[in-house]
Amino acid sequence: MKLLVIGGGGREHALAWKLLQSPRAARALKVFVAPGNAGTALEDGIENLPLSGIPELVEFARKESVAFTVVGPEAPLAAGIVDAFLAAGLRIFGPTRAAARLESSKAYAKDFMTRHGIPTAAHASFSAAAPAHDYLDKVGAPIVVKADGLAAGKGVVVARTPEEAHAVVDAMLAGGGSSHGEAAGIVIEEFLEGEEVSFIVMADGRHVLPLATSQDHKRLKEGDQGPNTGGMGAYSPAPVVTPMLHARIMREVIHATMAGLEHEGESYTGFLYAGLMVTPDGGVKVLEFNCRMGDPEAQVILMRLKSDLVELVEHAIDGTLDRIEAEWDRRTALGVVMAAQGYPEAPRKGDVIHGLPALLSAATPEKDFHVFHAGTADRGDGTGIVTAGGRVLCVAALGDSVRMAQRRAYDIAEQIHFGGCQMRRDIGYRAIGQKK
Ligand code: AMP
Ligand code: GLY
């Protein structure tokens, strides 16, 4: 059986690694990752494919009789990879381009939530700077300004002062060479206090299967300070999600979203990720939808998944997720991201990573950790593995408590070195606080 994972980050390393653990691996299971990274290249049973164009990927899947494809990142989804595979009669797990607008357009997502009464922060959308400035004068600060488009979690600024908010509006809408991309429009949104939770489900068009809960740390610096990133570390489960809150999220957010999509004649197949704020009054509001798994949430969630991911994805593609349940390791998984110098603004590439080979080849018998690669490359010139992207590695470990998982993850991470490495030392601190 041949499977294909699209993408080359830590999430895709985790997806491919977990697919490969299927009991079917005994019957010659092979997982291709396009393009993959230096870590996926090291895994037995995984092969990197240097392909990125959708037509080439369709052609490969057809020629090699790939049983199914799983899409990791948002960009190929927004580019219509699922539409192309389906048109070619190929099995693929991910939302169509239209369904993926829940992530690819903040304005679409906010309007969708408003139409269907899904709890979210109050907002207004703008495509010109002048009315946005007027609006800011009315609402004041703190306030959140978001670029309308895919920005890998980096097109969002929480402005603490009106001056900062005005400057961000200018940077996003009036050109000015900002790092926020050339936004076609922006969303200005009420600032929400609370604790963030990542709530990810698998959807098959009609049914949903919730995955284990998780939380990530989006800010670059310890104590959740500094600029937003794609995520500097994560853990699962999220202790803040009590069984009662879980039921509420399923009802008010997940089922409401599926019903809303159905009402509008859309159907959603794929991972659906609701980024939620648990507000001080115990309610939840949706910060954003992602039409994929989170990164680094995927790494910690998949470390805890005991069920066969191949079987789960097959049920999802066949529309029979109602017939299956997922089984989870009771332990906590915690992942620490090691990022390149200059991330997130301008990550430096080419730093040699030391301390890796021994770790990867000497996975402990109890298998309580895994080093997932993201921005890594092996140039094949004998230098070894070098940094090749913003987030370089995610060291994930299991433990009987958050603290133990944390200790284990940092024990491993501290053996790995590269020039300019940025690593937060406090991943999981909120959960440890709560468990006290
Ligand atoms: P988003 O990509 O929309 O999830 O935004 C990225 C990050 O910005 C979130 O994970 C939050 O940390 C923060 N953020 C976004 N929207 C809000 C909001 N309305 N209130 C407070 N923080 C927010
Ligand atoms: N870690 C947040 C994300 O994947 O969007």
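For ligands, and for the atoms within them, numbers begin at 1 and follow the listed sequence.
The F191 neighbourhood of ligand 1 comprises atoms 20 (N), 21 (C), with distances under 4.0 Å to a heavy atom of that residue. If you number the atoms of ligand 2 from 1 as listed, the ones under 4.0 Å from a heavy atom of D216 come out as 1 (N), 2 (C). In summary, the atoms of ligand 1 found under 4.0 Å from a heavy atom of E190, numbered by their order in the structure, are 18 (C), 19 (N), 20 (N). Every atom of ligand 1 with a heavy atom of V156 under 4.0 Å away is listed here by number and element: 1 (P), 2 (O), 3 (O), 5 (O), 6 (C), 8 (O), 15 (C). Taking every non-hydrogen atom of K146 and a distance limit under 4.0 Å, the qualifying atoms of ligand 1 come out as 1 (P), 3 (O), 15 (C), 16 (N). In the vicinity of N290, heavy-atom distances shorter than 4.0 Å reach the ligand 2 atoms 5 (O). The atoms of ligand 1 that sit less than 4.0 Å from any heavy atom of K218 are 10 (O). For ligand 1, the atoms closer than 4.0 angstrom to any heavy atom of E189 are 16 (N), 17 (C), 18 (C), 19 (N). Each of the atoms 9 (C), 10 (O), 11 (C), 12 (O) of ligand 1 lies under 4.0 Å from some heavy atom of E196.
A donor and an acceptor atom, one from each side chain of E327 and S307, are nowhere located under 3.5 Å apart.
Using 4.0 Å as the threshold, K285 has no heavy atom nearer than that to any atom of ligand 1.
For ligand 1, none of its N or O atoms has an N or O atom of M277 under 3.5 Å away.
Taking the centre and axis of the six-membered ring of Y108, the NZ or CZ atom of R101 falls inside the cone set by 45° and 6.0 Å.
Between H166 and H133, the ring planes lie parallel to each other; the angle is under 30°, not in the 30° to 60° tilted range. The aromatic rings of F32 and F60 lie perpendicular to each other, with more than 60° between the two planes, well past the 30° mark.
Under the side-chain contact (heavy atoms from CB on, under 4.5 Å) criterion, P73 pairs with R11, E12, V71, P76, not counting sequence neighbours.
When the heavy-atom distances from atom 5 (O) of ligand 2 to E297, R292, E288, K218 are ranked, the shortest goes to R292. Atom 2 (C) of ligand 2 has its nearest heavy-atom neighbour, among G230, G294, G9, G233, in G230.
If you look at V144 next to ligand 1, the close heavy atoms, those under 4.0 Å, all belong to the side chain. Of all the heavy atoms of L287, the ones lying under 4.0 Å from any atom of ligand 1 are found in both the backbone and the side chain.
Taking 4.0 Å as the cut-off between side-chain N and carboxylate O, R430 and D224 count as a salt-bridged pair.
Shortest non-hydrogen contact noted between A405 and G399 is CB-N, 3.6 Å.
Note that CD of E252 and OG1 of T257 are 11.0 Å apart. Values are rounded to the nearest 0.5 Å.
Sorted by first and then second residue, the salt bridge (Lys or Arg N to Asp or Glu O under 4.0 Å) pairs involving residues 390-399 (not counting sequence neighbours) are D295-R391.
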